[in-house]
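Naming: A, B, ... by sequence-line order, numbering from 1 per chain.
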Amino acid sequence: MEGPDVDLVLETAALARLEVDAGEARTLGPQFAAILKHFEVLSELDVEGVEPTSVVSTELQVRTDEVRPSMPRDALVGNAPDPREGFYGVPRAIPKRDAGGQGGQS
Amino acid sequence: MSATTWVPVIGLEVHCQLGTQTKLFCGCANRFGAEPNTLTCPVCTGQPGALPVLNQHAFDLALRAALALGCDIAPWSKFDRKNYFYCDLPKGYQISQYDRPYCSGGGITLASGKHVRLTRIHMEEDAGKAVHDAGNTTRVDLNRAGVPLIESVTEADMTSSEEAHAYLVALKEILQYAGVSDCDMEKGSLRCDVNISVHPEDEPWRTKVEIKNLNSFRNVSLAIEHEIGRQIAAYEAGAAIAQETRLFDPDRGETRTMRSKENEADYRYFPEPDLPPIPVDAALLERERGLLPEPAAERRARYRTELGLSEYDAGVLTSERGVADFFEAAVRASHDGTAKDLTNLITNELLAGLAGDEIEASTIAELPCKPHQLAELVALTQDGTITKKAARSVVREMMKTGRSPAELVRELGLEQVQDTGQIEAWCRSALEAKPQVIDAVRGGNDKAIGACMGAVMQASGGSANPEAVRDTLLRLIRESD
């Protein structure tokens with residue numbers, strides 16, 4: 001336990017799968033706290049009776065269910081750091097004993 | 001033996017891929033089995049600046065599913081971002097629905113009479129597929145990323161693996177009949193998670209465990225059985241059950257801790273700013289309601305009462321909507337009283353052919369032969385043109401080529417031989433070849449005639465009318481006295 005600010009940094013980093021060591025967390029902690037303080041200022045605004053704005057446009061655009069060409073695979077996968085036989089190669093995502101599973105779907 | 005009566009509490013979450021041509025928010029094809037990463041674009045791979053546009057048909061199908069399940073449709077709903085980091089989720093968030101799902105309520109009444117309530121159904125996009133190799137790399141295929149899903153969540157109303165199984169079978173049937181999804185578990189079109197806890201009778205519910213990775217109904221049953229046993233054993237040994245996500249291992253038939261999962265707050269849901277709320281107007285609802293088919297259970301009952309079919313036949317015919325539709329189209333094109341003959345051809349020939357290797361089609365609708373042709377074929381047996389046995393040979397050809405039955409009957413020379421002279425000639429040769437049959441029949445063993453009947457049917461290529469053959473053989477034996 002390093003204090004609430006540093007713990008928040010470490011927890012957020014874990015959720016974002018970012019590697020942040022204790023030293024960095026001690027630097028980032030107060031910076032996090034300062035940024036969040038700005039939002040607290042915003043929260044003081046009285047928005048009683050004001051509809052929240054979550055989208056820019058309120059007119060829903062839809063499309064018909066017609067196939068359009070996908071992009072050439074190389075144009076996308078080729079840009080990735082570790083293309084493997086048409087797949088994106090990434091560092092192993094689960095411990096080895098779970099091999100074969102699909103994981104991930106929440 | 002313990003004296004405690006343990007009560008399992010089971011709820012199911014079922015992801016179902018919608019049967020659209022394209023993905024939920026882009027025009028990439030929604031197709032299983034393509035080469036990895038060939039069905040992707042800037043939207044479904046999460047490139048900066050790419051914007052989602054809702055596939056209207058996906059929403060229509062979701063609505064139809066909700067109507068078929070008796071849900072209450074919300075006048076408007078919205079999409080939200082569910083944030084988590086995993087290699088199969090390129091945007092770092094999944095577009096889902098959080099506090100304003102498009103429907104709620106509804107449920108399914110099982111054959112046992114038990115009613116399983118639905119909490120809600122929401123729409124969301126599928127994630128990609130991560131394949132974990134033996135080495136230190138995970139390979140990611142994003143063809144599935146962005147495929148439209150509905151996730152239906154039940155109340156924890158089930159108390160056994162049998163009930164959970166019955167619910168899944170019923171859900172699959174309803175979704176298939178409504179034309180919402182092919183529900184093919186082998187392709188991952190239907191995926192199931194189980195929430196399960198056990199508690200002593202008359203005590204409050206205890207900690208629930210989520211089980212994932214259940215890719216067949218059988219595995220759902222096995223996982224539930226195993227998990228009930230594991231939890232009871234833990235409690236009886238004085239241990240606690242942790243709230244966690246477990247993975248079912250079909251090879252070992254057991255569940256094990258999968259990973260620590262985010263808490264709901266960790267997903268930091270917030271409204272999807274790129275998609276405005278989705279309204280539902282009355283006209284759209286009416287149209288989708290009109291497209292709902294007669295449910296399978298009602299069809300089964302009707303086949304028995306109106307067409308006189310057995311419970312077994314009615315069950316086989318309604319096991320898939322495509323089969324039931326084919327059957328009904330054939331019945332409409334036929335005279336009354338042919339339902340059983342049509343059923344026999346469909347279940348013994350068409351469905352058996354589809355299950356075999358010789359036929360390319362995988363569903364009855366894909367077969368080159370059509371329902372009205374099956375009706376024509378049955379009419380040919382009814383008017384005596386061909387035997388029922390010959391009809392089976394014809395339908396096997398029809399399945400391959402789609403050619404008309406009358407044409408095939410002529411070409412294969414299957415017209416029933418009514419020519420009594422020809423039949424008599426065949427019968428005489430058969431009796432000459434098997435004189436022992438004559439003695440046997442005279443000795444009172446009428447069944448012995450079967451050997452000669454077989455020989456005549458073979459000689460005629462199946463085209464001789466069996467009744468005429470039998471009568472002729474008996475007459476010849478009598479006359480030879």
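Looking only at heavy-atom pairs under 4.5 Å with chain B, the residue among A:Arg84, A:Glu85, A:Gln61 that has the most is A:Arg84. Interface check for chain A: of the options B:Thr20, B:Asp141, B:Leu39, B:Thr40, the most heavy-atom pairs under 4.5 Å are formed by B:Thr40. For the options A:Thr64, A:Thr12, A:Val62, heavy-atom pairs under 4.5 Å to chain B are most numerous at A:Val62.
For B:Glu13, no part sits under 4.5 Å from any heavy atom of chain A, backbone or side chain. Residue B:Pro42 touches chain A through both its backbone and its side chain, counting heavy-atom pairs closer than 4.5 Å. The contact between A:Leu76 and chain B is made entirely by side chain atoms (from C-beta outward), counting heavy-atom distances below 4.5 Å. With a threshold of 4.5 angstrom between heavy atoms, A:Val90 approaches chain B through its backbone and through its side chain. Only the backbone of B:Phe25 comes within contact range of chain A, with at least one heavy atom under 4.5 Å from a heavy atom of that chain. For B:Leu51, no part lies under 4.5 angstrom from a heavy atom of chain A. With a 4.5 Å cut-off on non-hydrogen atoms, B:Cys87 touches chain A through its side chain but not through its backbone. For B:Thr38, the parts sitting under 4.5 Å from any heavy atom of chain A are the backbone and the side chain alike. For chain B, the nearby part of A:Glu11 is the side chain; its heavy atoms alone come within less than 4.5 Å.
More than 12 heavy atoms of other residues, nucleotides or ligands shown are found within 6.0 angstrom of CZ on A:Arg73. By the 6.0 Å contact criterion, CZ on A:Arg68 is open, its count of non-hydrogen atoms from other residues, nucleotides or ligands being 12 or less.
Annotation: the span from A:Leu60 atom CG to B:Lys78 atom NZ amounts to 14.0 Å, rounded to 0.5 Å. Here OG of A:Ser70 is found 6.5 Å from NZ of B:Lys23. Values are rounded to the nearest 0.5 Å. For the atom pair A:Phe87 CZ and B:Leu142 CG, the distance stands at 10.5 Å (nearest 0.5 Å). A distance of 9.5 Å separates CD in B:Gln21 from CD in A:Glu66, rounded to the nearest 0.5 Å.
In this structure, B:Thr137 contributes its side chain and A:Gly89 its backbone to no donor-acceptor pair below 3.5 Å. Side chain of A:Arg63 to backbone of B:Cys26: a donor-acceptor contact under 3.5 angstrom is found.
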B:Phe85/A:Leu15 under side chain to side chain contact (heavy atoms under 4.5 Å, CB included): CA gap, chis, key distance, verdict: CA-CA 7 Å; B:Phe85 288 87; A:Leu15 285 171; 5.7 Å; no
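Closest of all the heavy-atom pairs between A:Ala93 and B:His132 is CB-CE1, 3.9 Å.
A donor and an acceptor atom, one from each side chain of B:Thr22 and A:Asp65, are located under 3.5 Å apart.
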